[in-house]
Amino acid sequence: MSQTYYEFGTAADRWDRAQMFFEAKEYVTAARILAGLVEEVPEQVAPRLLLARSYYHSARLGKAEEELRAVLELDPVETYAHLMLGRTLERQGRAADAAPHLRMAAALTGDFGPGAAHA
């Protein structure tokens, strides 16, 4: 696949561009830009998390799951990654796999839902 204009520039330029495409709901284009950034800086959480969100919104759930698991390897208490991974697994019909991640997200935010004090 050949590169396009939005894949050139500094990492900061591409990050800004990826965010712009994501906000415009151009998730496939955002993912294409972000995949290059993640390849360059695999240790950074923010590009991976936005890449996972781009994959999720473009229904590439296997790729979203892969990136979310990578985020959690880098930052095991990344609340939003736990929530997103839970939602991604649910969307794949894997509720049992999703449950621990959704519980972890709730625990990290203190949001145990109605009736949680009685559980």
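- Applying the 6.0 Å contact sphere to CD of Glu43 captures more than 12 heavy atoms from other residues, nucleotides or ligands.
- A distance of 12.5 Å separates OG1 in Thr88 from CD in Glu66, rounded to the nearest 0.5 Å.
- Classified by interplanar angle (parallel below 30°, tilted 30° to 60°, perpendicular above 60°), the ring pair His57/Tyr27 is parallel.
- Side-chain contact between Ser54 and Arg32 is absent, with no heavy atoms from C-beta onward closer than 4.5 Å.
- Leu102 and Met104 are members of different hydrophobic clusters when ILVMFWY side chains are connected at heavy-atom separations under 4.5 Å.
- Nearest heavy atom pair, residue Ala70 against residue Arg48, reads CB-NH1, 3.6 Å.
- Listed for the His82 side chain is a donor-acceptor partner under 3.5 Å among the backbone atoms of Pro76.
- With values rounded to the nearest 0.5 angstrom, Leu72 atom CG is found 9.0 Å from Leu49 atom CG.
- Taking the side chain as every heavy atom from C-beta outward, Arg91 and Tyr56 approach each other to under 4.5 Å.
- The cluster map of Ile, Leu, Val, Met, Phe, Trp and Tyr, joined by side-chain heavy atoms under 4.5 Å apart, puts Leu61 and Met84 in the same cluster.
- Grouping the Ile, Leu, Val, Met, Phe, Trp and Tyr side chains by contacts below 4.5 angstrom, directly or via other members, places Leu51 apart from Tyr80.
- For Glu65, the salt bridge (Lys or Arg N to Asp or Glu O under 4.0 Å) criterion is met by Arg69, Arg94, not counting sequence neighbours.
- With hydrogens and angles disregarded, a donor-acceptor distance shorter than 3.5 Å links the side chain of Arg14 to the backbone of Gly9.
- A salt bridge between Arg87 and Glu90 is present, with a side-chain N of the basic residue lying under 4.0 Å from a carboxylate O of the acidic one.
- Rounding to the nearest 0.5 Å places CD of Gln44 at 8.5 Å from CG of Leu37.
- Across all their heavy atoms, Ala105 and Thr79 have their closest contact at O-CG2, 3.7 Å.
- Glu67 CD to Leu50 CG: the interatomic distance, rounded to the nearest 0.5 Å, is 11.0 Å.
- Note that the CD1 atom of Ile33 and the CZ atom of Phe22 stand 12.5 Å from one another [nearest 0.5 Å].
- Expressed to the nearest 0.5 Å, how far CG of Leu34 lies from OH of Tyr55 amounts to 8.5 Å.
- Through direct or indirect side-chain contacts shorter than 4.5 Å among Ile, Leu, Val, Met, Phe, Trp and Tyr, Val28 is connected to no other residue.
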